[in-house]
Structures are given as structure tokens and as C-alpha cells.
Amino acid sequence: MYFAELAIILSSCFHSSTSFGLNGLSNGYRFFIKELNTSLNLFDAPDIETNWIEQPLDHFDSNESRTWKMRYFERLDLWRNKGPIYLFINGEGEASEWFLRTGIMYDLAKETKGAMFLSEHRYYGKSKPFKNINTETLAYLSSRQALADVAKLLETIKMSPEYKESKVVVVGGSYAGNLAVWMRLLYPDLVDAAISSSAPVLAKKDFYEYLENVSDDFEQQGTSGCYDKIVEVFKRYDELFKTDSGIAQLKEEEQICNNTDMSKPENKQLFFLDKASEFMYEAQYGSPESIKKLCDEIITYSKVFSAKDDETDLWSERNNCFDYDFDAMVEAMRDVDWVMSWTYQTCTEFGYFMTTASENQPFTDNIHTDLFYSLCTKTYGEKFDEKRIDEGIERSNELYGGLQPNVTNVVFVNGDLDPWHRLGVLEDVSYEAPAKIIPLSSHCRDLFSDRPRDPEELKEARKYIKYLIKKWIGAGEYKMP
Ligand SMILES: *[C@@H]1O[C@H](CO)[C@@H](O)[C@H](O)[C@H]1NC(C)=O
Ligand SMILES: *[C@@H]1O[C@H](CO)[C@@H](O)[C@H](O)[C@H]1NC(C)=O
Ligand SMILES: *[C@@H]1O[C@H](CO)[C@@H](O)[C@H](O)[C@H]1NC(C)=O
Ligand SMILES: *[C@@H]1O[C@H](CO)[C@@H](O)[C@H](O)[C@H]1NC(C)=O
């Protein structure tokens with residue numbers, strides 16, 4: 001049985017799981033692969049090379065001599081002498097070569113004759129310092145170590161004489177969008193410019209704002225009566241939890257496994273998280289159309305259908321039922337490496353816990369920070385408590401500057417449908433570090449290539465981003481779009 005589906009939502013633009021629940025950026029692979037396929041020229045068969053670079057296990061402890069191999073990809077067929085270097089920084093998931101074949105970085109590389117690289121983040125994909133991922137081996141996982149990995153990769157690339165005069169541009173979306181800004185912040189001599197898409201640069205424990213904007217999206221983009229229907233359906237779920245007979249009825253209606261004890265507070269929270277995650281998913285990755293579609297469903301059936309089709313799910317094929325047992329979910333998570341790694345980062349660096357603490361949302365108040373504290377201590381041990389989470393978040397914001405990172409030549413891009421924008425840079429930090437908000441756009445959309453059906457604002461935003469990058473690196477023809 002798998003439960004980890006719910007486990008983590010962070011900020012992957014493209015993750016191989018549709019997990020939406022405990023700390024949510026990771027998600028949407030399904031969706032993106034579909035998108036990518038439509039924008040990919042299948043006859044284009046470039047030489048993409050897979051390479052490995054040796055990295056120190058700990059960049060900041062000279063007594064630690066262990067090393068490991070980080071994977072990266074390169075594509076050089078578009079490169080011409082003195083052309084720039086583009087590096088797509090992958091975040092919390094397996095790196096996919098797709099972004100060397102399509103997307104805004106590929107378009108830029110084509111227009112400026114650039115060399116393209118793609119790095120895989122430590123502890124994800126095939127870039128694992130240890131075979132087994134557990135509390136002890138995770139001690140070397142942090143954004144700070146990952147940034148040092150990227151710096152070492154860039155230094156190594158720049159050692160080749162042909163790149164001596166090349167400018168360096170880094171690109172990232174979601175959590176990796178943070179990394180893109182922070183590379184420019186901490187390694188300004190190595191990195192000349194950055195595109196930071198949908199990046200939640202502010203670490204925050206109780207990220208109640210997320211559901212506020214999910215709520216706004218359904219209120220503003222949903223069909224008539226949609227918002228009230230969401231209120232009604234969630235209120236009813238809440239009512240059913242109040243009595244034993246209500247719980248029995250809920251279990252039958254919602255195909256909840258007979259042996260799941262729904263009177264346990266954590267299990268109840270998990271249920272609400274699962275139901276709310278259907279709306280979170282559409283707000284983060286969807287469009288006004290897909291929001292309306294979910295509205296039609298809830299209005300027609302007066303219920304929320306939980307997703308069943310993911311590799312790591314609450315849904316059990318064997319028993320044909322949903323298992324909302326929190327403890328069982330924590331145990332199942334241990335087998336899913338990226339979930340173990342990403343959850344660790346939320347527990348030690350970022351928080352990003354999406355709760356129902358705000359009154360300005362329709363999902364009732366049934367998802368609390370204590371669920372996430374419990375996730376952290378049960379998964380990694382008692383030391384990973386609320387105090388430690390607080391300290392980690394404070395350290396991150398101090399180190400990276402929160403919503404005011406002291407950078408230049410970085411463009412901060414957010415879609416206003418995407419609830420993650422609440423932790424992003426929405427106002428220009430300075431003339432040289434502008435923010436761009438794309439109306440009705442969702443998570444990371446600007447990182448893709450233009451498609452005919454894309455809204456004009458999205459296409460215009462891509463032109464603007466490319467203009468800025470070319471201006472900052474002095475490449476090719478650039479004029480204000
Ligand atoms: C390295 O080891 C030496 C000797 O054990 C110790 O004095 C020193 O503090 C250590 N340095 C670090 C950075 O841990
Ligand atoms: C996000 O939520 C905040 C607070 O509710 C609101 O001010 C803002 O307009 C919302 N953004 C969008 C795009 O709805
Ligand atoms: C739960 O138990 C009832 C009665 O024992 C049975 O009819 C039903 O099929 C079971 N449901 C599930 C989902 O296992
Ligand atoms: C920002 O960075 C510049 C140089 O990179 C430095 O001179 C300046 O003091 C920094 N500002 C703050 C507020 O840290």
C-alpha cells in the first residue's frame with residue numbers, strides 16, 4: 001500500500017508524482033509530460049550527453065573526505081564560440097532531459113548560440129550520496145550544499161578554455177527557482193544572470209495563504225455557485241466527523257478502508273488534506289478551464305473525488321479502498337526516496353505547511369501545523385520538532401534574504417493563479433531585479449516554449465524574460481518587446 005501521494009507538495013515544476021498534500025510544490029508530472037509532448041519536435045534528435053561529477057559530501061567541513069557522484073546533462077550542438085552557458089537547475093525530483101529539448105532556456109540557447117546544461121540535485125534522481133535514505137544519511141541534504149554542488153559544476157565547466165569568455169545564466173522553477181536566485185546571490189562571480197520562476201523564496205512555517213489563493217481562484221474563475229458548493233460539501237464532511245454514525249456513513253460513501261480509524265485526529269486531517277488537494281492541484285497547475293471543470297464535477301455530484309491514479313497513492317488497488325491512516329502513510333513514505341528527501345527539506349529549511357488556519361477559504365479548519373510537526377518527528381525522530389523547524393526557517397530567511405534577496409540581473413516570474421506566488425517576489429527588488437506577474441498563469445508556465453493556444457500575456461512575458469537575459473549578458477539582438 002502506498003500513501004506517500006499525499007505526502008509532499010513542494011515546488012517541483014515537474015515531478016513524477018502527483019502528491020499534493022503535506023508540502024506541496026511537487027506535482028504535476030502527468031500534466032507536464034502531456035504539455036511537453038505537444039511542444040516537442042519529435043524529429044529533433046540532439047546529442048544529449050549524460051555526465052557525472054565528483055562532489056564532496058560536505059562542502060563546508062574540510063575534515064569530511066567522502067565524495068559522491070552528481071549527474072548532469074549537456075547539449076552543445078547549438079553552441080558557437082563565445083556563446084553563453086545556460087544551466088537549468090533541477091529541484092526536488094529526477095532530472096529530465098526535456099528541458100534541453102524545449103522550453104525558454106532552449107529557445108534562448110537557440111537565439112544566442114548557447115551551450116546547455118542541466119544539473120540534478122543531491123539526494124534526488126540518480127544523484128544520491130547514499131544508497132539508503134534515512135535520518136542519518138540525510139544530514140548532508142540542504143539547499144546550501146546543493147548550491148555549492150552547482151557552483152562546483154559551473155567552476156568545472158568554466159575551466160574549459162572554450163568557455164573562458166562565456167556568460168553564465170541559471171534557470172529554475174519552483175524550489176529550483178529559489179536555487180537560481182540564490183546562486184546569483186552567493187556566487188555572483190560565477191553566475192551572470194538568472195530566471196527564477198514561481199519561486200517561494202520566503203520560508204514560512206504556517207503557509208495558510210496558499211489556500212486563500214486557491215479559494216480566490218475558485219471564486220473568481222469557477223462557475224457560478226462553485227464556491228458555495230465547496231463550502232457546503234466541506235461543511236458536510238466536517239459534520240459527519242462529529243458522530244460515530246456520521247463517520248460510518250462517511251467511510252461507506254468515500255470508500256475508506258474498514259480498518260482505518262477515522263476518529264483519530266491525524267487521520268481526519270489527512271482526509272481533509274486529500275480532499276483539498278484536488279483544488280490545490282487545479283489552482284497550482286491548472287487553468288481557468290480546468291478550474292471550471294472541477295466546479296462542474298462538485299456541483300453535479302456534491303462530493304470531491306479523490307485521485308486514484310498515481311504511483312504513490314492513498315488508494316489501495318488490493319483492497320479497493322482509501323487508507324487515511326497517517327502512521328501507515330509515514331511508514332510507506334520511507335520507501336519513496338524523493339518524498340523522504342523533500343519532506344526533510346521542509347522540516348529542516350522551509351516549512352511551507354499548507355494549513356486551513358485562514359478564515360478566507362472554504363475547506364473548513366481541519367488541517368493544522370501539528371500534522372506537519374508530527375510528520376517531521378515521526379519520520380525523522382523526536383529532535384525534528386517545532387523548535388527545530390522554526391530555527392531552520394529563520395536560518396534560511398537570514399541566509400537568503402527572504403522576499404528581499406540582495407541580487408541583480410535576476411527576473412522573478414510568478415503566475416497569479418499559482419498560490420505559491422504568495423511566498424514569491426512580486427515587486428521589483430530593484431531596476432536590475434524586476435518582478436513579473438503573469439495574469440491567469442499557473443506554476444512555472446513561463447519556462448515552457450510558446451504554444452499556439454497560450455494566452456498572449458504568457459507569450460509576452462516570455463519575450464520580456466528573454467529580452468532581459470539577453471540584455472544582461474549582452475548577447476545577440478535584444479530590444480524591448
Ligand atoms: C577537524 O578535525 C580537527 C581534529 O579532530 C578538529 O580540531 C577540527 O575542529 C575539525 N574541523 C572541523 C571543521 O570540524
Ligand atoms: C491572493 O490572495 C490575496 C489575499 O487573499 C489577494 O490579495 C490576492 O489578490 C490574491 N491573488 C489573486 C491572484 O487572486
Ligand atoms: C467493509 O465491511 C463491510 C461489512 O463487513 C463490507 O460489506 C464492505 O465491503 C467493507 N468495505 C471495504 C471497503 O472493505
Ligand atoms: C548588497 O550587495 C552589495 C554587493 O553585492 C553590497 O555592497 C551591499 O552592501 C549589499 N546590501 C545589503 C543590504 O546587504
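Heavy atoms only: backbone and side chains are in, while hydrogens, waters and symmetry mates are out.
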Exercise for review: Assert yes or no for the condition that the ring centre distance of Phe353 to Phe207 is strictly below 6.0 Å.
Suggested key: no
Point to revise | Lys229/Glu232 ion pair, N-O < 4.0 Å | key: yes
Exercise for review: Could you check if a side-chain atom of Leu76 sits within less than 4.5 angstrom of a side-chain atom of Asp47, using non-hydrogen atoms only?
Suggested key: no
Review point. Are the side chain of Thr300 and the backbone of Asp296 linked by a donor-acceptor contact shorter than 3.5 Å?
Key: yes
Point to revise | Heavy-atom check, side chain of Asp416 versus side chain of Asn213, under 4.5 Å | key: no
Check your understanding: Between His121 and Ala146, which heavy-atom pair has the shortest distance, and what is it?
Key -> NE2-CB, 3.3 Å
Exercise for review: Apply the test side chain to side chain donor-acceptor pair (under 3.5 Å) to residues Asp323 and Thr260: give CA-CA distance (whole Å), side-chain angles for both, the deciding distance (0.1 Å), then the verdict.
Suggested key: CA-CA 6 Å; Asp323 190 343; Thr260 309; 3.1 Å; yes
Practice item. With side chain to side chain donor-acceptor pair (under 3.5 Å) as the test, would you mind laying out the steps for Thr364 and Lys235 before giving the verdict? Key: CA-CA 7 Å; Thr364 69; Lys235 265 212 179 114; over 6 Å; no
Review point. Do Glu457 and Lys436 pass the salt bridge (Lys or Arg N to Asp or Glu O under 4.0 Å) test, and can you show the C-alpha distance, the side-chain angles, and the key distance before you say yes or no?
Key: CA-CA 11 Å; Glu457 283 115 329; Lys436 174 77 191 166; over 6 Å; no
Review point. Taking the six-membered ring for Trp, are the ring centroids of Phe363 and Phe279 within less than 6.0 Å of each other?
Key: yes
Check your understanding: Which heavy-atom pair separates Phe234 from Pro362 by the least distance, and what is that distance?
Key -> CB-O, 3.6 Å
Exercise for review: Indicate whether the side chain of Asn414 and that of His421 have a donor and an acceptor atom separated by less than 3.5 Å.
Suggested key: no
Check your understanding: Which value, rounded to the nearest 0.5 Å, describes the distance between Asp149 atom CG and Ser119 atom OG?
Key -> 8.5 Å
**Study point:** Stepwise side-chain contact (heavy atoms from CB on, under 4.5 Å) test for Arg101 and Ile48
**Key:** CA-CA 9 Å; Arg101 305 184 66 184; Ile48 293 175; 3.6 Å; yes
Review point. Does the side chain of Val169 reach to within under 4.5 Å of the side chain of Leu87, using non-hydrogen atoms?
Key: no
Check your understanding: Could you state the interatomic distance from OG1 (Thr355) to CG (Asp365), rounded to the nearest 0.5 Å?
Key -> 7.5 Å
Check your understanding: Does the side chain of Glu349 come within less than 4.5 Å of Ser142's, by heavy atoms?
Key -> yes
Practice item. Nearest 0.5 Å please: distance from the CD atom of Glu111 over to the NZ atom of Lys470. Key: 3.5 Å
Review point. When you look at NZ of Lys303, are more than 12 heavy atoms from neighbouring residues, nucleotides or ligands closer to it than 6.0 Å?
Key: yes
Practice item. Identify the two heavy atoms, one from Val170 and one from Met183, that lie closest to each other, and give their separation to 0.1 Å. Key: CG2-CB, 4.3 Å
Exercise for review: Mind telling me whether Phe117 and Tyr72 have parallel, tilted or perpendicular rings, with 30° and 60° as the class edges?
Suggested key: tilted
Check your understanding: Under the 6.0 Å and 45° cation-pi test, does Arg445 pair with Phe448?
Key -> yes
Practice item. Determine whether Met329 and Asp325 make a side-chain contact, defined as any pair of heavy atoms from C-beta on separated by less than 4.5 Å. Key: no
Review point. Minimum heavy-atom separation for Ser442 to Ser198, with atom names?
Key: O-OG, 4.4 Å
Practice item. Could you verify whether a donor N or O on one side chain and an acceptor N or O on the other, from Thr356 and Gln361, lie under 3.5 Å apart? Key: no
Point to revise | Atom pair CG/CD of Asn90 and Glu97 - distance to nearest 0.5 Å | key: 11.5 Å
Review point. Are any of the side-chain heavy atoms of Leu211 and Ser358 separated by less than 4.5 Å?
Key: no
Check your understanding: Is Cys347 close to Tyr373 at the side-chain level, that is, under 4.5 Å between some pair of heavy atoms?
Key -> no
Identify every side-chain donor-acceptor pair in residues 424-431 under 3.5 Å, counting partners at least two apart or on other chains, and give the distances.
from	atom 1	to	atom 2	distance (Å)
Asp428	OD1	Ala435	N	2.8
Ser430	OG	Glu432	N	3.2
Ser430	OG	Ala433	N	3.3

Review point. Can you check side chain to side chain donor-acceptor pair (under 3.5 Å) on Asp107 and Ser449, steps first, answer last?
Key: CA-CA 7 Å; Asp107 294 336; Ser449 291; 3.0 Å; yes
Review point. So, Gln269 versus Asp370: side-chain donor-acceptor pair below 3.5 Å or not?
Key: yes
Review point. Taking the six-membered ring for Trp, are Phe350 and Trp182 parallel (under 30°), tilted (30 to 60°) or perpendicular (over 60°)?
Key: parallel
**Study point:** Electrostatic pair Arg71-Glu94, nearest N-O below 4.0 angstrom
**Key:** yes
Check your understanding: How far apart are the closest heavy atoms of Glu282 and Leu294, and which atoms are they?
Key -> CG-CD2, 3.8 Å
**Study point:** Aromatic ring pairing Tyr285/Tyr281, orientation class (parallel under 30°, perpendicular over 60°, tilted between)
**Key:** tilted
Practice item. I would like to know whether Ile89 and Val171 meet side-chain contact (heavy atoms from CB on, under 4.5 Å); could you show each step before the answer? Key: CA-CA 6 Å; Ile89 304 174; Val171 182; over 6 Å; no
**Study point:** Stepwise side-chain contact (heavy atoms from CB on, under 4.5 Å) check, Met105 with Leu100
**Key:** CA-CA 8 Å; Met105 184 179 91; Leu100 299 179; 3.7 Å; yes
Review point. Around atom NZ of Lys204, are there more than 12 heavy atoms of other residues, nucleotides or ligands at under 6.0 Å?
Key: yes
**Study point:** Backbone N/O of Ser127 and side chain of Glu120: donor-acceptor pair under 3.5 Å
**Key:** yes
Review point. Yes or no on side-chain contact (heavy atoms from CB on, under 4.5 Å) for Tyr106 and Leu78, after CA distance, side-chain angles and deciding distance?
Key: CA-CA 9 Å; Tyr106 167 80; Leu78 304 176; 4.0 Å; yes
Check your understanding: Salt bridge check: are Asp77 and Arg75 linked by an N-O gap of less than 4.0 Å?
Key -> yes
Point to revise | Ser341 and Glu92: CA distance, side-chain angles, deciding distance, side chain to side chain donor-acceptor pair (under 3.5 Å) verdict | key: CA-CA 8 Å; Ser341 299; Glu92 71 286 18; over 6 Å; no
Review point. If you measure only the distance, is there a donor-acceptor pair under 3.5 Å linking the side chains of Ser306 and Asp274?
Key: yes
Going by atom type alone, with no hydrogens or angles, which donor-acceptor pairs under 3.5 Å involve a side-chain atom of residues 399-411 and a protein atom two or more places apart or on another chain?
from	atom 1	to	atom 2	distance (Å)
Tyr400	OH	Ser143	OG	2.8
Tyr400	OH	Arg144	N	3.4
Thr408	OG1	Arg184	NH2	2.8
Asn409	ND2	Asp192	O	3.2

Check your understanding: Does one side chain, of Tyr175 or Gln345, offer a donor that lies under 3.5 Å from an acceptor on the other?
Key -> yes
Point to revise | Output field: ring centroids Phe88/Phe99 closer than 6.0 Å | key: yes
**Study point:** Criterion salt bridge (charged side-chain N to carboxylate O under 4.0 Å, His left out) against Asp454, the qualifying member of Lys463, Lys459, Arg462
**Key:** Arg462
Check your understanding: Do Tyr237 and Phe271 have their ring centres less than 6.0 Å from each other?
Key -> yes
Check your understanding: Is the side chain of Ser197 donor-acceptor paired with the backbone N or O of Gly173 at a distance under 3.5 Å, no angle test?
Key -> no
Check your understanding: Do the ring planes of Trp420 and Tyr352 sit parallel (below 30°), tilted (30 to 60°) or perpendicular (above 60°)?
Key -> perpendicular
Study note, to complete from the structure: Between Met70 and Leu153 the two heavy atoms that sit nearest each other are CE-CD2, 3.9 Å
**Study point:** Arg334 side chain near Thr379 side chain, heavy-atom distance below 4.5 Å
**Key:** yes
